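Following: one structure in structure tokens, then a few remarks.
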Amino acid sequence: MKKNEDKQTQLDERYMRMAFIWAENSYCKRRKVGALLVKEKMIISDGYNGTPSGFENVCEDEQDTTKPYVLHAEANAITKVARSNNSSEGATLYVTSSPCIECAKLIIQAGIKRVVYADVYRLSDGVDLLKRAEIDLVAVEMGK
């Protein structure tokens with residue numbers, strides 16, 4: 001059993017490194033977040049925080065406040081898989097920051113069963129909701 005746990009930990013760390021690389025695609029200045037949706041060891045979707053398709057690639061206004069229509073990485077990954085032939089039912093979401101409450105609701109509704117995250121978001125209500133929904137949560141420490 002220990003060997004399987006070690007293997008899962010290694011996979012979690014690898015996918016998380018990939019999520020951090022994916023976050024580099026974000027045009028946001030204040031915070032870059034990346035997400036990968038994985039099912040049966042296959043990446044079925046990805047996302048990073050940014051503006052909706054067709055909008056300018058500027059996430060902050062003149063006061064350096066995030067624009068209200070910026071999508072979070074999790075929301076981008078979930079909506080992207082919804083437009084594909086894949087299903088997120090039973091998938092694992094790897095995200096560089098712990099989910100906010102809005103993304104937690106999407107995660108629950110998308111049937112995602114496991115969330116692996118690295119950085120802790122300033123608000124814990126998203127993680128609290130995921131715990132209430134009995135979604136498996138794994139915090140990984142990344143040696144940056």
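Source: prediction; values computed, not measured.
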Worked check of side-chain contact (heavy atoms from CB on, under 4.5 Å) between H72 and C100
CA-CA 9 Å; H72 290 187; C100 70; 3.4 Å; yes

I'd like to know if [Y] and [X] are part of one continuous hydrophobic network [Ile/Leu/Val/Met/Phe/Trp/Tyr, side-chain heavy atoms within less than 4.5 Å].
X	Y	value
I101	L106	yes
V116	I21	no
I43	W22	no
V38	F20	yes
I135	Y15	no

N/O donor-acceptor pair under 3.5 Å between [X] side chain and [Y] backbone:
X	Y	result
S45	L37	no
T65	D61	no
T79	N76	yes
N49	R31	yes
S88	A110	yes
T96	V33	no
N57	Y27	no
E141	A118	no
K80	G47	no

Pair K113 + D136, salt bridge at N-O below 4.0 Å:
no

In plain terms, say whether K105 and E74 are close enough for a salt bridge, that is, a side-chain N and a carboxylate O under 4.0 Å apart.
no

Roughly how far apart are [X] [atom1] and [Y] [atom2], rounded to 0.5 Å?
X	Y	atom1	atom2	value
M16	Y117	CE	OH	10.0 Å
I78	I107	CD1	CD1	5.0 Å
R132	L130	CZ	CG	12.0 Å
M142	D12	CE	CG	10.0 Å
I44	L36	CD1	CG	10.5 Å
K39	T92	NZ	OG1	10.5 Å

Show the nearest heavy-atom pair for residues A19 and Y94, with the distance to one decimal.
CB-O, 4.2 Å

Show the nearest heavy-atom pair for residues S98 and Y121, with the distance to one decimal.
OG-N, 2.7 Å

Can you check side-chain contact (heavy atoms from CB on, under 4.5 Å) on V127 and L129, steps first, answer last?
CA-CA 5 Å; V127 168; L129 185 64; over 6 Å; no

Derivation of the side-chain contact (heavy atoms from CB on, under 4.5 Å) call for R30 and E60
CA-CA 8 Å; R30 294 179 64 217; E60 295 85 11; 3.7 Å; yes

Using the salt bridge (Lys or Arg N to Asp or Glu O under 4.0 Å) rule, take K67 and E56 through it: C-alpha gap first, then chi angles, then the decisive distance, then the call.
CA-CA 11 Å; K67 293 178 180 177; E56 73 291 348; 2.9 Å; yes

